[in-house]
Amino acid sequence: TIASFHSAKGLEWDVVHLTGVEKGYVPISHAKVPEAKEEEQRLFYVAVTRAADVLRCTWARTRTFGSDPVDRSPSPYLQWVRGTAAELERTVAPTPEPDSGLERSRRALSPEPVVDPVTLTATVASSLRAWRTEQARRAAVRPTVVLSDRALDAIAKACPRGAEELAEVPGLGPLSRERHGTTILAIVAEHLDETQGAPCGSS
């Protein structure tokens, strides 16, 4: 079933995929006044509560409007979904006894990840290079025209979590921050989410 947020009201499915959960779509960009913003929040609540068992939210890092690729960023509403999921895991998931066989098996099969800051830095740098290469290919320029090696390495080491931290990264000028800041922060955030915000390190 393909349905809009509006038409999904009152319905339910075992598995629901929400696509295009991006800033500009969710909430819609023309929702400026408080009443419109509240309506956008209500619609998103309707959409995420249509899933009985599994909810999957996706967003595009780049979309093409006309002939021009445009960088995109995730919807701020996704923070609510992550927070709710984390709270449910804490309150609903059973906690085995520390010395129980079940707990020992769980640790053996799913050991807690050990986050190496240097590895995290290298992973972020690799993702940034892949993004830079694609941007350069589309613009028919050298990758360093999109983002210098110095700036790329500095971003990977700093792992900025917001615009203020990004502004402190050496080698990244205001024009690059304006053009690519949202995408750069999204790439970094994706890796920080996977490692529960572990710090980056020096290579």
Side-chain angles (χ1 to χ4, degrees), residues 1-96 102 105-106 109-110 112-113 123-124 126-128 130-135 137-139 161-163 179-198:
T1 301
I2 300 177
S4 67
F5 287 10
H6 286 90
S7 62
K9 288 182 179 179
L11 302 177
E12 185 178 80
W13 296 270
D14 291 339
V15 180
V16 169
H17 296 263
L18 297 187
T19 62
V21 188
E22 304 159 24
K23 187 177 180 180
Y25 288 159
V26 182
I28 196 72
S29 58
H30 57 69
K32 304 293 186 182
V33 299
E35 293 79 6
K37 292 180 179 179
E38 290 175 2
E39 176 61 18
E40 287 294 292
Q41 293 177 14
R42 285 192 290 268
L43 275 174
F44 184 69
Y45 177 80
V46 166
V48 297
T49 54
R50 299 309 90 198
D53 297 317
V54 177
L55 172 68
R56 300 190 186 279
C57 301
T58 60
W59 61 279
R61 184 166 288 158
T62 304
R63 288 189 183 276
T64 301
F65 295 93
S67 59
D68 299 324
V70 177
D71 292 340
R72 307 290 288 175
S73 60
S75 166
Y77 293 173
L78 286 177
Q79 297 177 7
W80 302 341
V81 176
R82 293 191 184 102
T84 300
E87 183 64 25
L88 286 171
E89 287 182 357
R90 287 193 296 269
T91 58
V92 176
T95 304
L102 176 59
S105 298
R106 185 195 67 81
L109 294 173
S110 303
E112 291 297 322
T123 303
V124 173
S126 177
S127 293
L128 288 172
W131 161 78
R132 184 180 68 171
T133 298
E134 178 62 18
Q135 290 294 110
R137 184 189 66 79
R138 291 177 177 177
R161 291 167 172 78
R179 286 180 176 175
H180 308 303
T182 299
T183 300
I184 290 171
L185 289 173
I187 292 171
V188 173
E190 182 177 348
H191 290 288
L192 289 177
D193 286 345
E194 294 172 354
T195 57
Q196 291 78 50

Inset, instruction - Any chance you could measure D68, atom CG, to R63, atom CZ, to the nearest 0.5 Å? - result: 15.5 Å
Inset, instruction - Would you please test T64 and V70 for side chain to side chain contact (heavy atoms under 4.5 Å, CB included) and show each step? - result: CA-CA 6 Å; T64 301; V70 177; over 6 Å; no
Inset, instruction - Quick one: closest heavy-atom pair of V21 and W59, and the distance? - result: O-CB, 3.4 Å
Inset, instruction - Please assess S7 against S4 for the test side chain to side chain donor-acceptor pair (under 3.5 Å), listing each intermediate value before the final yes or no. - result: CA-CA 5 Å; S7 62; S4 67; 3.1 Å; yes
Inset, instruction - May I ask you to check whether over 12 heavy atoms, not counting those of R56, lie within 6.0 Å of atom CZ? - result: no
Legend entry - Smallest separation among heavy atoms of K37 and Y77, with atom names: O-OH, 3.8 Å
Inset, instruction - Hey, could you give me the CD1/OG distance between I187 and S126, rounded to the nearest 0.5 Å? - result: 10.5 Å
Legend entry - R179, CZ atom: more than 12 neighbouring heavy atoms under 6.0 Å: no
Legend entry - Lys/Arg N to Asp/Glu carboxylate O, R61 vs E190, below 4.0 Å: yes
Legend entry - Side-chain heavy-atom pair T182, D71 within 4.5 angstrom cut-off: no
Legend entry - Test applied, side chain to side chain contact (heavy atoms under 4.5 Å, CB included); reference residue, F5; option that passes from L43, V48, V46: L43
Inset, instruction - Side-chain contact test, heavy atoms from C-beta onward, threshold under 4.5 Å: evaluate it for H180 versus R132 and give yes or no. - result: no
Legend entry - S75 side-chain N/O to V26 backbone N/O, donor-acceptor pair under 3.5 Å: yes
Legend entry - Interatomic spacing from NZ in K23 to CD1 in I28 - rounded to 0.5 Å: 13.5 Å
Legend entry - Criterion side chain to side chain contact (heavy atoms under 4.5 Å, CB included) on L78 and C57, from CA distance to verdict: CA-CA 8 Å; L78 286 177; C57 301; 3.7 Å; yes
Inset, instruction - Using the side chain to side chain contact (heavy atoms under 4.5 Å, CB included) rule, take Q79 and V81 through it: C-alpha gap first, then chi angles, then the decisive distance, then the call. - result: CA-CA 5 Å; Q79 297 177 7; V81 176; over 6 Å; no
Legend entry - Considering all heavy atoms, the nearest A47-V16 contact: O-CG1, 4.4 Å
Legend entry - Rounded distance [0.5 Å steps], CG in L55 versus CG in D14: 13.0 Å
Legend entry - CH2-OH distance between W80 and Y45, expressed to the nearest 0.5 angstrom: 12.5 Å
Inset, instruction - Report the distance from atom CG of L128 to atom OG1 of T183, rounding to the nearest 0.5 Å. - result: 10.5 Å
Legend entry - Least distance between heavy atoms, E40 atom then Y25 atom: OE1-O, 4.0 Å
Legend entry - Closest non-hydrogen atom pair between R50 and K9, with its separation: NH1-C, 4.5 Å
Inset, instruction - Begin with the C-alpha distance, continue with both residues' side-chain angles, and end with the deciding distance and a verdict on side chain to side chain contact (heavy atoms under 4.5 Å, CB included) for T62 and R138. - result: CA-CA 12 Å; T62 304; R138 291 177 177 177; 3.0 Å; yes
Inset, instruction - Write down the atom of L185, the atom of R161, and the distance for their closest heavy-atom approach. - result: CD2-C, 4.2 Å
Inset, instruction - Would you indicate whether E12, at its atom CD, is surrounded by more than 12 heavy atoms from other residues, nucleotides or ligands within a distance under 6.0 Å? - result: yes
